[in-house]
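Note sheet for the following structure.
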Amino acid sequence: MEKIGVYPGTFDPVTNGHLDIIKRSLVLFDNLIIAVAENTPKQTFFTVTERVEMLKICVKNYSQVTVESFSGLLVNYVYQQNASAIVKGLRAVSDFEHEFQMALMNRKLFHGSETIFMMTSEEYSYLSSSAIKEIALLGGDVSSLVPEIVVDALRMKI
Ligand code: PNS
């Protein structure tokens with residue numbers, strides 16, 4: 001049976017840290033679906049179409065990876081995709097509390113929902129989409145932290 005993983009997130013925008021998690025989680029799944037949240041409590045800088053398009057360009061060389069947007073509950077989407085597990089990245093202990101709560105809530109909402117946590121690579125442990133947006137808005141250089149397509153998109157938006 002094919003093992004399908006779902007890597008959900010806001011990806012506003014995708015960073016090198018996200019791409020590292022994507023690449024490393026490919027050893028665990030036959031197919032990985034990157035699920036870009038359409039409705040999020042956060043006000044996003046990029047539209048969902050822009051976030052999906054940037055990710056599609058970044059993963060174009062990985063045949064096992066697809067990028068889609070989703071709305072509604074994550075567990076419903078995961079069930080519809082027939083996926084075995086949700087993949088989340090963990091950077092620091094501070095991420096853990098929130099991620100742990102979400103994983104347990106998802107399991108409560110859908111019995112059998114499993115979440116796999118991937119530890120960040122050290123060099124990305126301080127990286128976040130919010131920091132990227134703030135630095136870019138203040139004129140800083142983010143080119144070593146995000147893919148080129150994101151650098152261009154940030155420049156265009158700003
Ligand atoms: O990149 P983020 O902001 O950490 O991603 C959070 C995301 C999109 C994975 C989370 O907000 C989510 O799952 N949203 C979908 C709605 C849902 O299922 N909410 C209940 C979560 S317990």
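Numbering of ligands and ligand atoms starts at 1, following listing order.
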Using heavy atoms and a 4.0 Å limit, tell me yes or no: is Phe70 in contact with ligand 1?
yes

Single hit among Leu127, Leu137, Asn16, Val14 for side chain to side chain contact (heavy atoms under 4.5 Å, CB included) with Ile132
Leu127

As an exercise, state the distance from CD of Glu2 to CZ of Phe29, rounded to the nearest 0.5 Å.
12.5 Å

Can you check atom 8 (C) of ligand 1: any protein non-hydrogen atom closer than 4.0 Å?
yes

Do me a favour and list the nearest non-hydrogen protein atom to atom 2 (P) of ligand 1 with residue, atom name and distance?
Thr10 OG1, 3.5 Å

Could you tell me which atoms of ligand 1, counted from 1 in the order shown, lie closer than 4.0 angstrom to a heavy atom of Ala37?
8 (C)

Co-membership, hydrophobic cluster, residues Leu19 and Leu154, 4.5 Å side-chain
yes

Heavy atoms of the protein only: does one fall short of 4.0 Å from atom 16 (C) of ligand 1?
yes

For atom 4 (O) of ligand 1, what is the nearest protein heavy atom, given as residue, atom name and distance?
Lys88 NZ, 4.0 Å

Going by atom types alone, do Ser113 and Asn106 pair a side-chain donor with an acceptor below 3.5 Å?
no

Candidate with minimal heavy-atom separation from atom 5 (O) of ligand 1, of Ser71, Gly9, Pro8, Ala35
Gly9

Check whether any side-chain heavy atom of Thr115 sits under 4.5 Å from a side-chain heavy atom of Phe100, and report yes or no.
no

My question is simple, although I want it checked carefully: is atom 11 (O) of ligand 1 less than 4.0 angstrom from any protein heavy atom?
no

Where does the angle between the aromatic ring planes of Tyr79 and Phe110 fall among parallel (under 30°), tilted (30 to 60°) and perpendicular (over 60°)?
tilted

Of all the non-hydrogen atoms in the protein, which one sits nearest to atom 21 (C) of ligand 1, and at what distance?
Asn106 OD1, 3.9 Å

Taking 4.0 angstrom as the limit and counting only heavy atoms of Lys42, give me the atoms of ligand 1 inside it, by number and element.
2 (P), 3 (O)

On a heavy-atom basis, I'd like to know which of Leu74, Val6, Leu73 is closest to atom 20 (C) of ligand 1.
Leu73

Is there a donor-acceptor pair closer than 3.5 Å between any side-chain N or O of Lys133 and the backbone N or O of Asp12?
yes

Close approach, Gly72 and ligand 1, non-hydrogen under 4.0 angstrom
yes

I'd like to check Lys157 versus Phe46 (side-chain heavy atoms, cut-off strictly below 4.5 Å). Are they in contact?
yes

Inspect the surroundings of CG in Asn82 and state if more than 12 heavy atoms from other residues, nucleotides or ligands are less than 6.0 Å away.
no

If you count the atoms of ligand 1 from 1 in the order shown, which ones are under 4.0 Å from a heavy atom of Met105?
22 (S)

